[in-house]
Q: 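Dropping a structure here in structure tokens format, bear with me for questions.
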Amino acid sequence: MRYRRPRGVNDITPAEVGRWQRAEEAYRSLCRAYRYEEIRTPSFEQTELFIRAVGEETDIVSKEMYTFEDRGGRSLTLRPEGTAPVVRAFLEDKLQGQDRERLVKLFYIAPIFRYDRPQAGRYRQHHQCGAEALGSSNPAVDAEIVSLAMSFYRTLGITQVTLLLNSVGCPVCRPQHLARLKAQVAERLGEMCEDCRRRYADNPLRLLDCKSPVCREITAGAPSAVEMLCEECGEHFTGVQAALQALEIPYTLEPRIVRGLDYYTKTAFEFVAPGLGAQDSIGGGGRYDGLVEQCGGPPTPAVGIGIGLERVLIAQEAAQKATGLEACATQRQGVLVVALGEEAWRPVLGLCQALRQAGHPAEVDYRRRSLRAQLSFADKERFRWAVIIGEEEAAADTVTLRDMASGEQETLPRGGLVSRLKRENEPC
RNA sequence: GUGGAUGUAGCUCAAUCGGCAGAGCACCGGACUGUGGCUCCGGUGGUUGUGGGUUCAAGUCCCAUCAUCCACCCCA
């Protein structure tokens, strides 16, 4: 009997893990530059947190959560999104301190769990690089978050990124907008497609996004969310655009951008990139001015983003293919200690240990193969050095050091190897 | 959740009408006894996703199931 991984989840194999680490490190160092601090929250929370924060009627809560009861009868849920846990920690760990006006800037890299139907770029466990800025209503903070994401994409070589921007209003103007939209459509609802009749009840903003000609005709002329914004939201939206222009970040106004989580207010944005098929969104976020208060804290305006790492890596690969840039050959590194015969084998383990303690990745071929085979192995595995110990070297307490790139060799006392390599520690 | 396509060696893929499961790459070895990359020669490697069914005979046909992919939906 063989086990297989559950549907929709992935192993990150040794062959891939380098790309993951490079992307994660790029994100961490960018966040440092933008002065965001890392926070790590648990993989699961009280179910109630997500229901309250994300919204009972959302797809995420109503059909995508991994919810279970622990042995104590508590209902827990695997993190289906990154913001709610951060807000919870912000309040519970009192991260704002005594300064009520303080801007708290946090980032995370964390697995996210959703019971979706898997397809390329959509998984039941994926990873998000997120950032949240809590405590400011300044539209420049929205732009800062956008700028952080843009820099991240650029660092990874993903250049064909489009920023889609919208404003979904606030508790004052959004209901008015929805009411007006539904009113316009109501009379002819019967003529609309099945999907749109469902949207009318579940997600009216999506009515504007239908491909059916009839539905298009019915919704034609309906006001977009932006046109219905109240004064405060309108001003904020103008401010965000001004800040983006100041940062020279191009964007496309896109009224269809609707975040699938109820807590969003005002700014909503999404980044799309080529090479991903239908799942082309490589990041999304927006403002959530009401969430902290809704979670039991003081009124605290906030804005955040989530970036899907799996999709970012797919987009990166597509971008590299498009530009004909092959991943550069991994550089030679480390030492293969080659032992030939019984006498030679004796000093090998100690030599290996000494090399490792001096910081050189060092390995022995435990298969005890021929010199030819071992050198071939050293080449394939991209070792920088081979240290050969045969009968001669064993008898004289020396080693032969071979540079695998040039083929040059020298013989030196066994005890002098570590200090000899110390001089050569720079990459070739 | 809805509709569709595809599952054969580590990888990429063949296999006519239902008739001996194959190639290239990779891997191991040799040519070259202690010197890698090139070349040539040889070799290892398979529960044809899984479970049933039809048949003298199933990779091939039928049913179920699992997985992946595509579109919808949704989202990162």
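The sequence lines fix the lettering, A, B, ..., with proteins before strands; numbering per chain opens at 1.
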Q: Calculate the interatomic distance between A/E381 atom CD and B/A26 atom P; express it in whole Å.
A: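 The answer, rounded to whole Å, is 15 Å.
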Q: Is it the case that over 12 heavy atoms from other parts of the model lie below 6.0 angstrom from the CD atom of A/E57?
A: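 No, CD of A/E57 has 12 or fewer neighbouring heavy atoms, counting only those of other groups under 6.0 Å.
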Q: So which protein nitrogen or oxygen atoms get under 3.5 Å of nucleotides 37-43 of chain B's nitrogens or oxygens?
A:
from  : atom 1 : to     : atom 2 : distance (Å)
B/G37 : O4'    : A/D379 : OD2    : 3.4

Q: Take atom P in B/U47 and the same atom in B/C11, then report the distance between them in whole Å.
A: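 After rounding to an integer number of Å, I get 13 Å for this pair.
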Q: Might you confirm whether atom OH of A/Y200 has over 12 heavy atoms from other residues, nucleotides or ligands at distances under 6.0 Å?
A: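 Check passes, neighbour count above 12.
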Q: Rounding to the closest angstrom, what is the interatomic distance between B/G29 and B/G36 at atom C1'?
A: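 B/G29 and B/G36 have their C1' atoms separated by 16 Å.
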Q: Starting from C1' on B/G29, measure out to CZ on A/R367 and report it in whole angstrom.
A: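 Result: 12 Å.
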Q: Within the 4.0 Å heavy-atom criterion, would you say A/E393 contacts the bases, only the backbone, or no part of the nucleic acid?
A: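 Base: the residue A/E393, judged by heavy atoms under 4.0 Å, touches a nucleobase.
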Q: Write down the distance separating the P atoms in B/G42 and B/A67, rounded off to the nearest Å.
A: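 Approximately 43 Å lies between the P atom of B/G42 and that of B/A67.
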Q: Which value, in whole Å, describes the distance between the C1' atoms of nucleotides B/G4 and B/C73?
A: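 Taking atom C1' in both B/G4 and B/C73, they lie 15 Å apart.
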Q: So which pairs with a foot in residues 391-409 of chain A pass salt bridge (charged side-chain N to carboxylate O under 4.0 Å, His left out), sequence neighbours left out?
A: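 Of all non-adjacent pairs touching residues 391-409 of chain A, those that pass salt bridge (charged side-chain N to carboxylate O under 4.0 Å, His left out) are A/D397-A/R414.
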Q: Can you find a heavy atom in the side chain of A/F50 that is under 4.5 Å from one in the side chain of A/P85?
A: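 A side-chain contact exists here, since the closest heavy-atom pair is under 4.5 Å.
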Q: When you compare B/U54 with B/U60, how far apart are their P atoms, in angstrom units rounded to a whole number?
A: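 Those two atoms are separated by 15 Å.
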Q: What is the distance, rounded to the nearest whole Å, between atom CZ of A/R369 and atom P of B/G34?
A: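 From A/R369 CZ to B/G34 P: 13 Å.
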Q: Sticking with atom C1', work out how far B/G10 lies from B/C20, rounded to a whole angstrom.
A: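 Comparing C1' positions in B/G10 and B/C20 gives a spacing of 25 Å.
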Q: Mind calculating the distance between CG (A/D403) and C1' (B/U35) to the nearest angstrom?
A: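 Computing the A/D403:CG to B/U35:C1' distance gives 14 Å.
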Q: Is A/A386 touching bases, backbone alone, or none of the nucleic acid, heavy atoms closer than 4.0 Å?
A: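 No contact.
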Q: Check salt bridge (charged side-chain N to carboxylate O under 4.0 Å, His left out) between A/E363 and all other residues, then give those that pass, not counting sequence neighbours.
A: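 Scan of A/E363 (salt bridge (charged side-chain N to carboxylate O under 4.0 Å, His left out), adjacent residues dropped) gives A/R356.
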Q: Please list every stem that involves RNA chain B, where a stem is a run of 3 or more consecutive Watson-Crick or G-U wobble pairs with both pairing distances under 3.5 Å.
A: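 Runs of three or more consecutive pairs: B:1-7 with B:66-72, B:10-13 with B:22-25, B:27-31 with B:39-43, B:49-53 with B:61-65.
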Q: Provide the distance between the two C1' atoms, one in B/G7 and one in B/U48, to the nearest whole Å.
A: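 So the two C1' atoms sit 9 Å from each other.
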Q: Evaluate whether atom CZ of A/R52 has more than 12 neighbouring non-hydrogen atoms of other residues, nucleotides or ligands under 6.0 angstrom away.
A: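 Result for CZ/A/R52: open.
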Q: Who passes side-chain contact (heavy atoms from CB on, under 4.5 Å) against A/E38, sequence neighbours left out?
A: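 Once residues adjacent in sequence are excluded, the partners of A/E38 under the side-chain contact (heavy atoms from CB on, under 4.5 Å) criterion are A/R28, A/R40, A/F107.
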Q: Excluding sequence neighbours, so at least two apart, what forms salt bridge (charged side-chain N to carboxylate O under 4.0 Å, His left out) with A/E69?
A: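 Once residues adjacent in sequence are excluded, A/E69 has no partner under the salt bridge (charged side-chain N to carboxylate O under 4.0 Å, His left out) criterion.
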Q: Going by salt bridge (charged side-chain N to carboxylate O under 4.0 Å, His left out), name the pairs with one or both residues in residues 144-157 of chain A, residues two or more places apart or in two chains.
A: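 Qualifying pairs, neighbours excluded: A/K105-A/E144.
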Q: Answer yes or no: does atom CZ of A/F113 have more than 12 heavy-atom neighbours from other residues, nucleotides or ligands under 6.0 Å?
A: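 Counting neighbours around CZ of A/F113, more than 12 heavy atoms of other residues, nucleotides or ligands fall under 6.0 Å, so yes.
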Q: Near RNA chain B, under 4.0 Å by heavy atom, which residues of residues 22-54 of chain A?
A: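 Residues of residues 22-54 of chain A under 4.0 Å from RNA chain B: none.
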Q: What distance, rounded to whole Å, do you find between the two C1' atoms, one in B/U55 and one in B/C61?
A: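 The same atom, C1', in both gives a distance of 10 Å.
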Q: Which residues pass the salt bridge (charged side-chain N to carboxylate O under 4.0 Å, His left out) test with A/E37, sequence neighbours left out?
A: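 In terms of salt bridge (charged side-chain N to carboxylate O under 4.0 Å, His left out), with neighbours along the sequence ignored, A/E37 is linked to no residue.
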Q: Would you mind building the protein contact string for nucleotides 64-76 of chain B? One character per nucleotide, 5' to 3', B for base within reach (heavy atoms under 4.0 Å), S for sugar-phosphate only, - for untouched.
A: ---SSSSBBBBBB
Q: Please identify each residue that fulfils side-chain contact (heavy atoms from CB on, under 4.5 Å) with A/A373, with sequence neighbours left out.
A: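 Result, side-chain contact (heavy atoms from CB on, under 4.5 Å) vs A/A373: A/R369, A/S370.
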Q: Return each pair, listed once, that meets salt bridge (charged side-chain N to carboxylate O under 4.0 Å, His left out) where at least one residue sits in residues 275-291 of chain A; pairs must be two or more places apart or across chains.
A: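 Checked against salt bridge (charged side-chain N to carboxylate O under 4.0 Å, His left out) - neighbours excluded - the pairs reaching residues 275-291 of chain A are A/D142-A/R287, A/K266-A/D289, A/R287-A/D289.
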Q: Decide if the gap between the ring center of A/H127 and the ring center of A/W20 is smaller than 6.0 angstrom.
A: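 Distance test on ring centres: under 6.0 Å, yes.
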Q: Classify the side chain of A/Q374 and the base of B/U35 as holding, or not holding, a donor-acceptor pair under 3.5 Å.
A: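 Checked by distance alone, the answer is no.
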Q: Mind listing the closest non-hydrogen atom pair of A/Q374 and A/L336 along with its distance?
A: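 Looking at all heavy atoms of both residues, the closest pair is O-CD2, 3.4 Å.
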